[in-house]
Amino acid sequence: MLRYLGKQAATLVILLFVASVLIFALVYLAPGDPLSSLLGNRTPDPQRVAQLRAQYHLDQPFLERYWLWLGNALQGDFGTSVSAQTGVSGLLRSAAPVTLWLIVYSQLLVIIIGTTAAAVAAHFKGVPDAIVALGTTVGATIPTFVTAVLLSTLFTVHFRIFPATGAGSGFIDRLWHLTLPAIALAIVSSAMLARIGRAAMREEMESPHTLTETARGVPYGRVFRRHVLRNAAPPMLAVVGLQIPAMIAGSVIVEQAFGLSGLGSLLLNGANAHDYPVVQTIALLIVLVTVITAVVVDILQGMLDPRVKIGARS
């Protein structure tokens with residue numbers, strides 16, 4: 001286990017380094033001038049432009065700018081936002097809680113909806129199975145922005161059940177405000193979890209040890225919990241874990257649709273303003289979450305299923 005974690009830590013460092021270089025290069029080569037958001041339509045003063053370029057290190061070559069940013073980032077300083085003219089760390093502290101709430105809420109919905117649909121489809125064949133199959137097919141193919149617009153139009157404009165914008169304040173109010181965004185973000189992942197879970201559960205229900213336990217008169221509920229659900233958990237856990245980075249990326253659309261000031265909106269606004277430090281930091285954060293999630297899922301799969309050896313070569 002310790003050797004495996006050491007290898008994963010080394011892999012994580014290498015991946016983060018490569019990703020940081022690629023992200024920095026893409027942002028550096030992107031067309032546009034980050035100072036345009038500061039200067040606006042005014043005729044730029046050459047002296048003022050030179051001062052701003054020196055202030056934000058825009059006058060330095062690519063490698064010098066990268067090493068300067070990387071050295072500061074390793075010390076917890078992710079630079080200064082060009083458009084907001086404030087530290088990126090402060091922007092992250094204000095935007096991250098909203099996105100964290102949204103991701104956690106969405107994941108809870110994914111686990112509840114996806115697992116329930118998978119269990120129903122695996123246990124009840126015929127019409128229930130067909131309904132779940134149809135629902136998961138539709139849910140997996142509808143784009144997130146379409147779902148967000150439909151939910152907003154139906155439940156905020158037409159029926160006026162949920163608030164249209166904002167993240168709310170306090171536990172209950174925040175849950176109320178984030179319900180529609182969480183549903184919009186969870187539909188695709190729920191459909192994928194239900195499809196994978198249905199296949200895994202049905203395979204376990206038809207396995208010899210499950211049939212033997214049922215023939216011995218063991219209550220079906222106990223058989224389902226101890227054998228079917230437990231053995232189907234590893235592939236379902238992989239789906240849940242690997243959807244977390246996708247949800248962070250999808251939050252860009254959902255936060256814009258529901259007027260939430262989270263990391264997704266911060267990333268989009270930073271990209272539109274060519275705000276290099278903001279885009280670099282959030283993109284690197286997504287890569288970090290992706291790698292860490294993959295490692296955690298691998299470890300949890302080994303804990304749930306003894307047949308899966310952590311760090312074993314295939």
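What you see is a predicted model, and the numbers here were worked out from it, not measured in a lab. Side chains are part of it too, since the values below use all heavy atoms of this structure and drop only hydrogens, waters and symmetry mates.
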A.B. asks: Check this for me: Glu203, atom CD, are more than 12 non-hydrogen atoms of other residues, nucleotides or ligands nearer than 6.0 Å?
C.D. replies: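 Atom CD in Glu203 is not packed in, count stays at 12 or less.
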A.B. asks: Within the structure provided, determine whether Val88 and Gln280 are in side-chain contact (heavy-atom separation under 4.5 Å).
C.D. replies: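 No, every pair of side-chain atoms sits at 4.5 Å or beyond.
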A.B. asks: Take Arg230 and Arg226 through the side chain to side chain contact (heavy atoms under 4.5 Å, CB included) test and state the conclusion after the steps.
C.D. replies: CA-CA 6 Å; Arg230 181 181 178 86; Arg226 295 178 57 182; over 6 Å; no
A.B. asks: Look up atom CD1 in Ile286 and atom OG1 in Thr281, then write down how far apart they are to the nearest 0.5 Å.
C.D. replies: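 Taking CD1 in Ile286 and OG1 in Thr281, the distance rounds to 11.5 Å.
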A.B. asks: Is it true that Phe258 and Leu154 fall in one hydrophobic cluster, defined by side-chain heavy atoms closer than 4.5 Å?
C.D. replies: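 Linked, Phe258 and Leu154 end up in one cluster.
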A.B. asks: Once rounded to the nearest 0.5 Å, what's the spacing between atom CG of Leu134 and atom CD1 of Ile131?
C.D. replies: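 With rounding to 0.5 Å, CG (Leu134) is 8.5 Å from CD1 (Ile131).
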A.B. asks: Quick check: is Ile142 connected to Leu109 through a chain of hydrophobic side chains (ILVMFWY, heavy atoms under 4.5 Å apart)?
C.D. replies: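 Leu109 and Ile142: separate clusters.
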A.B. asks: Rounded at 0.5 Å granularity, tell me how far CG in Leu68 sits from CG in Asp77.
C.D. replies: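 Result: 9.0 Å between the selected atoms.
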A.B. asks: Of all heavy-atom pairs between Val228 and Met201, which one has the smallest distance, and what is that distance?
C.D. replies: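 In this case the closest contact between Val228 and Met201 is CG1-O, 3.7 Å.
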A.B. asks: Can you tell me if Met192 has over 12 outside heavy atoms packed within less than 6.0 Å of its CE?
C.D. replies: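 Atom CE in Met192 is not crowded, with 12 or fewer foreign heavy atoms closer than 6.0 Å.
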A.B. asks: Is there a side-chain contact between Leu175 and Trp101 (heavy atoms, below 4.5 Å)?
C.D. replies: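 Sidechains of Trp101 and Leu175: in contact.
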A.B. asks: Are the side chain of Thr137 and the backbone of Ala133 linked by a donor-acceptor contact shorter than 3.5 Å?
C.D. replies: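 Between the backbone of Ala133 and the side chain of Thr137 there is a qualifying donor-acceptor contact (under 3.5 Å).
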A.B. asks: Determine whether Arg216 and Thr212 make a side-chain contact, defined as any pair of heavy atoms from C-beta on separated by less than 4.5 Å.
C.D. replies: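 Yes, their side chains come closer than 4.5 Å.
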A.B. asks: If you apply the rule side chain to side chain contact (heavy atoms under 4.5 Å, CB included), what do you find for Leu284 with Leu288, and how did you get there?
C.D. replies: CA-CA 6 Å; Leu284 191 61; Leu288 176 64; 5.8 Å; no
A.B. asks: Which heavy atom of Ala148 sits nearest a heavy atom of Ala257, and at what distance?
C.D. replies: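 So the two residues come closest at CB-CB, 3.8 Å.
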A.B. asks: Does a side-chain heavy-atom distance below 4.5 Å link Ile187 with Thr144?
C.D. replies: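 Counting from C-beta outward, Ile187 and Thr144 never come under 4.5 Å.
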A.B. asks: Apply the test side chain to side chain contact (heavy atoms under 4.5 Å, CB included) to residues Leu178 and Leu260: give CA-CA distance (whole Å), side-chain angles for both, the deciding distance (0.1 Å), then the verdict.
C.D. replies: CA-CA 9 Å; Leu178 294 181; Leu260 302 176; 3.7 Å; yes
A.B. asks: Measure the spacing between CG of Leu193 and CZ of Arg195 and express it to the nearest 0.5 Å.
C.D. replies: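 Between Leu193 CG and Arg195 CZ, I get 12.0 Å after rounding to 0.5 Å.
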A.B. asks: What distance separates Leu185 CG from Leu151 CG, expressed to the nearest 0.5 Å?
C.D. replies: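 The distance works out to 11.5 Å.
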A.B. asks: Between Thr141 and Val138 (side chain of the first, backbone of the second, donor and acceptor by atom type, cut-off under 3.5 Å), is there such a pair?
C.D. replies: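 Checking the backbone N and O of Val138 against the side chain of Thr141, a donor-acceptor pair under 3.5 Å is found.
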A.B. asks: Please report, to 0.1 Å, the donor-acceptor pairs under 3.5 Å made by any side chain of residues 234-253, with sequence neighbours excluded.
C.D. replies:
| unit_1 | atom_1 | unit_2 | atom_2 | d |
| --- | --- | --- | --- | --- |
| Gln243 | OE1 | Ser189 | OG | 2.9 |
| Ser251 | OG | Ile248 | O | 2.4 |

A.B. asks: What I'd like to find out is whether the side chain of Leu92 reaches to under 4.5 Å of the side chain of Leu263, using heavy atoms alone.
C.D. replies: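 Yes, side chains in contact.
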A.B. asks: Is Val104 reachable from Ile292 through a run of hydrophobic residues whose side-chain heavy atoms are each under 4.5 Å from the next?
C.D. replies: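 As far as the 4.5 Å side-chain criterion goes, Val104 and Ile292 are not connected within one cluster.
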A.B. asks: Applying ring-ring contact (aromatic ring centres under 6.0 Å, His included), name anything that partners Phe162, two or more places apart in sequence or on another chain.
C.D. replies: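 ring-ring contact (aromatic ring centres under 6.0 Å, His included) check on Phe162 returns Trp176.
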A.B. asks: When hydrophobic residues are tied together by side-chain contacts of less than 4.5 Å, even through go-betweens, does Ile172 share a cluster with Val98?
C.D. replies: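 Yes; Val98 is reachable from Ile172 via cluster members.
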A.B. asks: Using every non-hydrogen atom in the two residues, find where Gly270 and Val279 come nearest and quote the distance to one decimal.
C.D. replies: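 For Gly270 and Val279, the tightest heavy-atom pair comes out as C-CG2, 3.6 Å.
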A.B. asks: If you look at every heavy atom in Val120 and Pro128, which pair is closest and at what distance?
C.D. replies: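 Minimum heavy-atom separation between Val120 and Pro128: CG1-CB, 4.1 Å.
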A.B. asks: Between Pro277 and Val82, which heavy-atom pair has the shortest distance, and what is it?
C.D. replies: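 It is CD-CG2, 4.4 Å.
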A.B. asks: Partners of Thr179 by side-chain hydrogen bond (donor to acceptor under 3.5 Å, both in side chains), sequence neighbours excluded?
C.D. replies: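 Expected list: Tyr105.
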A.B. asks: Between Glu255 and Ser261, does any side-chain donor sit less than 3.5 Å from a side-chain acceptor?
C.D. replies: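 Checked: Glu255/Ser261 side chains show no N/O donor-acceptor pair below 3.5 Å.
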A.B. asks: Hey, does Asp129 have a side-chain heavy atom less than 4.5 Å from the side chain of Phe124?
C.D. replies: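 Sidechains of Asp129 and Phe124: no contact.
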A.B. asks: How many angstroms lie between CG in Asn269 and OG in Ser81, if you round to the nearest 0.5 Å?
C.D. replies: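 Asn269 CG to Ser81 OG: 10.0 Å, rounded to 0.5 Å.
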A.B. asks: Please find the pair of heavy atoms, one from Ala232 and one from Ala200, that lie closest to each other, and give the distance.
C.D. replies: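 For Ala232 and Ala200, the tightest heavy-atom pair comes out as CB-CB, 3.8 Å.
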A.B. asks: Going hydrophobic residue to hydrophobic residue with side-chain gaps under 4.5 angstrom, can you get from Phe145 over to Ile183?
C.D. replies: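 No; tracing contacts between hydrophobic side chains, which count when under 4.5 Å, never links both residues.
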A.B. asks: Show, in sequence, the C-alpha distance, side-chain angles and deciding distance for Thr86 and Thr80, and conclude whether the side chain to side chain contact (heavy atoms under 4.5 Å, CB included) test is met.
C.D. replies: CA-CA 5 Å; Thr86 186; Thr80 302; 5.7 Å; no
A.B. asks: Give a yes or no on whether the backbone of Leu91 and the side-chain of Ser94 come within a donor-acceptor separation of less than 3.5 Å.
C.D. replies: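 A pair under 3.5 Å: yes.
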A.B. asks: Side-chain contact test, heavy atoms from C-beta onward, threshold under 4.5 Å: evaluate it for Phe78 versus Ser89 and give yes or no.
C.D. replies: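 In short, these two side chains touch, coming nearer than 4.5 Å.
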A.B. asks: Could you tell me if the side chain of Met205 sits less than 4.5 Å from the side chain of His123, heavy atoms only?
C.D. replies: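 Counting from C-beta outward, His123 and Met205 do come under 4.5 Å.
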